[in-house]
Amino acid sequence: MTGSCVRAKVRAFSRAGSGLRATLAGYGKSLMTTERYNAREAEPRWQAEWEKRKLFETAATSEKPPYYVLEMFPYPSGRIHMGHVRNYAMGDVVARYKRAKGFDVLHPMGWDAFGLPAENAAMERKVHPKAWTYENIATMRSQLKSIGLSLDWSREIATCDPDYYAQQQALFLDLLEAGLAYRRKSKVNWDPVDNTVLANEQVVDGRGWRSGALVEQRELTQWFLKITDFAEDLLGALDDLPRWPEKVRTMQKNWIGRSEGLLVRWALANPADATEIQVYTTRPDTLFGASFLAVAADHPIAAARAQSNPALQAFIEECRRAGTSAAALETAEKMGYDTGLKVRHPFDPAIEVPVYVANFVLMDYGTGAIFGCPAHDQRDYDFASKYGLPIVPVVAPQGADAQALVATHAYDGDGVMINSRFLDGMTTDAAFEEVARRLESATLGNAAVAERKVNWRLRDWGISRQRYWGCPIPVIHCESCGPQPAPRDSLPVLLPDDVSFDQPGNPLDRHPTWRDVACPACGGPARRETDTMDTFVDSSWYFARFTAPRAKTPTEKTVAGRWLPVDQYIGGVEHAILHLLYSRFFTRAMKTTGHVGVDEPFAGLFTQGMVVHETYKDAAGEWIAPAEIAITEADGVRRAAKIGSGEPIEIGAIEKMSKSKKNVVDPNDILETYGADTARWFMLSDSPPERDVIWTEAGVEGASRFVQRVWRLANEAPMAPVEPEAFGDAATALRRISHGALARVGEDIERLRFNRCVAAANELANALGQSLANAPSPESDLAFAQREAAEHLVRIVSPFMPHLAEEAWAALGHETLIAESAWPKADPALLATDTVTLPVQVNGKKRDEIVVSREADSASIEKIVRELAAVTSAIGDKPIRKIIVVPQRIVNVVA
RNA sequence: GCGGACGUGGCGAAACCGGUAGACGCACGAGACUUAAAAUCUUGCGCCGCAAGGCGUGCGGGUUCGAGUCCCGCCGUCCGCACCA
């Protein structure tokens, strides 16, 4: 540590800050001091610098290749939480890295700003939803800015901005014209006390979450989007999304739920209100095992029979009541009511089976009616057992006794047909085909008995919400003309500001000056649609809007074409199904209506894990916040005690941060204590990004130490000498590490393996620290290698800790911003060594290792190995049977 | 019930295509510096054993010269869906 420490380390802008001084012990040759890095002072300064230079604003045009990285935009709930920090830190690493790699990066941010919490706040605290929302946005925006994210704030949008929802309304009209939006009656959860519609999650145990009233099912006419038109494509295209997690694709597949089966008509033996019942089945092969038919409580046949049968009517009502509670459904026992009707088997009119109304049959799947084959379906088995119906096995599994198998439970696997007349001996697959073929050509009345049918679990998307704080549906209802689209030039249909929330229900419904308008077709008196859109609509196209956020049309198609699909989308798994599926649908719908040119919105998807924290409880069982306790450790046992009183506190499970369990850590506190860089670094250390990360005080401290370490190393590194002609061993060794780390980190960021980047940075810091302890003369090859390593280290951490990186970059003597400089290329010559260390195994156990030239041939390696003492002693007097040499990997001696 | 993921030191984890298990960090131990503390630096740290050595990636089998990795069967944890006919 000679020459290099003489130069002034303290830059004009790095003030004395905390006044703490780090003393470097070194080897006593010299004493050098460096100011501690002061994040609180430096971070706002660099943020202002980036903003001044508009570094992260994406220009309209660029020669560079485009790269669109997006994190799921937040709901403006009031304050950001650690989950946001982690999510946005990940996206920011990618954005900053890609920028340094020469891409034109689009990295925008906005607000998913409509939704129920704003109305709840209005009711509870008498603030207007708009004021509440925009205040929250202002708070959260400044919080996000303090994290130092490289976002293009000039593109900021909030879905509650009239500019945004005007375009959403235009899109809705396009969908209406394209036949992708329509109205029909549908059931809603109705709270009779609050006089309002409830979302499913607002129904708790069959009661309204706020009022506690028993929830009723009501029929309302609502708007739907035809997502089912795209069901086949939404399913099939999942296979073309290799950069999506397998898990998410599987969840979507299950959600879409494609099944292939047969619609089969069963003639009633005693025709009453109908002459037949149509059922849907995916197991026509088991038709000869049928012992009953069952229809849903809401099935027309059930309703018709109930007219003259009060007991059946009572049963139907009981089914409906039980149906409101999801919890009850799970445990509900199978129950049925015999209608007295009989139907004839499609293959043999002599066989008659009874028709039940059953509580486990769903009206909105298939035809709302099933045939029961107890031997091969567990639900039917339970039902048949209860009501004493026959259980006839018709499928024999390979090498098992069908009758014995069916004694205890249903068998739903494949096998060979039995007890099935002409199907006997066929496989289940062949029997399926045979039944389909025969019934398609058989007739009942003057139509085929059966037809093949592909069925979907996916339903059309009901978007009507009887709410104020949402995007108004731009439709006007006229008694004589019916529903009319609002004229395009009248958009946006603005939400009125003068509303009150002092009574239940939707304020739009009781706002005459807003609600009552002239019919655009006939000019007569008409009413606006007072429903607003599901907020999932808002988030189904915001990623497209970001490409031209101020356009007077929903998108600018050519600009959207340049950016879409999003190259890397990052967010929580909780959106694996709805948000992502709706976005995929919406993108297709927008393509149909000419707004974008792609089908898929997100080429790459990454779902990050949560931020979790230990929980703490006092003796009374009350949750205690982490800030209120102190942890001590003795003899390997961790104990918690309340600060102040010293009361012992129980350390509970590690759980997702939540207010109710008080195990939240406020990002603001962390930013004030440690700074954004430390928080960002810790969030991406340790745990792989897709897994949960445990927030610990010790972990943050570790990250904070590393921040100071990088700062010290950057300051200790010698000034740049001229690159020498040749490098000695020590310099080359260091260069191998620093170039290797550079290459590794680049690859790992591409694969979003941030925890490995952190490890690589640590290794490089260790190596550089060791090297600096043996200070070379300032002009030496080693000095060059050290300086280069310091620069690589700063470069490597720069996407993660951008403020520190700028400060260190300046300390290294650079006059440019690191945010504007290119990612250096690792020297390929330094990434490959000319010698390799080969482990030597004897019978698969490692005994020694040898260092050989990279090109060493097997014969010469064998020769060396045979003479190794470790080898000869390990094999004793046994003969060597063979020697396996895997070039550049390993040697195994088999004796 | 169905579907999926995972299981590695005291802890978070790493280990590419089957090739040195435990990189890196945390915690902990020892030492240096210090009046002292913090910070920093050096060093140790899977288990058993004084050592030589043995054992070790949830458990039991298998394939292989070689298995954390592949195959079969269990056990456990987590997540998603849940009467979808």
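These numbers were taken from a predicted model, which means no experiment stands behind them. Below, chains carry the letters A, B, ... as their sequence lines are ordered, and counting in each starts from 1.
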Please name the nucleotide paired to [N] by Watson-Crick or G-U wobble geometry with both distances under 3.5 Å, or report none.
N: B/A30; answer: B/U42
N: B/A23; answer: none
N: B/G3; answer: B/C79

Taking only the [atom1] atom of each, what is the distance from [N] to [M] in whole angstrom?
N: B/A27; M: B/C17; atom1: C1'; value: 36 Å
N: B/G68; M: B/G9; atom1: C1'; value: 14 Å
N: B/C75; M: B/C83; atom1: C1'; value: 29 Å
N: B/G18; M: B/C71; atom1: C1'; value: 13 Å
N: B/G10; M: B/U20; atom1: C1'; value: 25 Å
N: B/C81; M: B/G12; atom1: C1'; value: 31 Å
N: B/G1; M: B/G22; atom1: P; value: 40 Å
N: B/U64; M: B/A52; atom1: P; value: 35 Å

Checklist line | For B/C17, glycosidic torsion class - syn if within 90° of 0, otherwise anti | finding: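 Syn conformation for B/C17.
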Notebook entry, point to check: How would you label the glycosidic angle of B/G68: syn (within 90° of 0) or anti?
Noted result: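 Here B/G68 takes the anti form, which means its glycosidic angle is more than 90° from 0.
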From [options], nucleotide with atom closest to [X] side chain:
X: A/Arg753; options: B/A85, B/C65, B/A15; value: B/A15
X: A/Arg889; options: B/C16, B/G12, B/U42; value: B/C16
X: A/Thr837; options: B/U43, B/U20, B/G3; value: B/U20
X: A/Asn755; options: B/G66, B/G54, B/A14; value: B/A14
X: A/Ala698; options: B/G54, B/G3, B/C26; value: B/C26
X: A/Arg705; options: B/A27, B/A14, B/G54; value: B/A27

Enter the distance from [X]:[atom1] to [Y]:[atom2] here, rounded to the nearest 0.5 Å.
X: A/Asp692; Y: A/Ser687; atom1: CG; atom2: OG; value: 8.0 Å
X: A/Ile256; Y: A/Met251; atom1: CD1; atom2: CE; value: 12.5 Å
X: A/Leu793; Y: A/Leu742; atom1: CG; atom2: CG; value: 10.5 Å

Check: Do A/Gln608 and A/Arg86 have side-chain atoms, one donor and one acceptor, less than 3.5 Å apart?
Finding: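 Checked: A/Gln608/A/Arg86 side chains show no N/O donor-acceptor pair below 3.5 Å.
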Next item on the list: Respond yes when some side-chain nitrogen or oxygen of A/Lys845 is under 4.0 Å from OP1 or OP2 of B/C55, and no when none is.
Entry: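 So the side chain of A/Lys845 is within the cut-off, an N or O lying under 4.0 Å from OP1 or OP2 of B/C55.
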Check: Hey, is the side chain of A/Lys334 pairing donor to acceptor with the base of B/C83 inside 3.5 Å?
Finding: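 When only heavy-atom distances are counted, A/Lys334 does reach the base of B/C83 through a donor-acceptor pair under 3.5 Å.
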Next item on the list: Report yes if a donor N or O on one partner sits less than 3.5 Å from an acceptor N or O on the other, where the partners are the side chain of A/Asn762 and the base of B/C24; otherwise report no.
Entry: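 A donor-acceptor contact between them is absent.
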Next item on the list: If the plane angle is over 60° it's perpendicular, under 30° parallel, otherwise tilted; pick one for A/Tyr387 and A/Phe383.
Entry: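 It falls in the tilted class, 30° to 60°.
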Check: Mind checking whether A/Tyr37 and A/Trp711 have parallel, tilted or perpendicular rings, split at 30° and 60°?
Finding: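 The rings of A/Tyr37 and A/Trp711 sit tilted, inter-plane angle from 30° to 60°.
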Checklist line | 5' precedence on RNA chain B between A/Val758 and A/Asn254 (nearest-nucleotide basis) | finding: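 First, find each residue's nearest nucleotide; the 5'-ward one identifies A/Asn254.
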Note to self: Nearest heavy atom decides the nucleotide; on that basis, is A/Val886 or A/Thr696 closer to the 5' end of RNA chain B?
What the structure shows: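 Result of the comparison: A/Val886.
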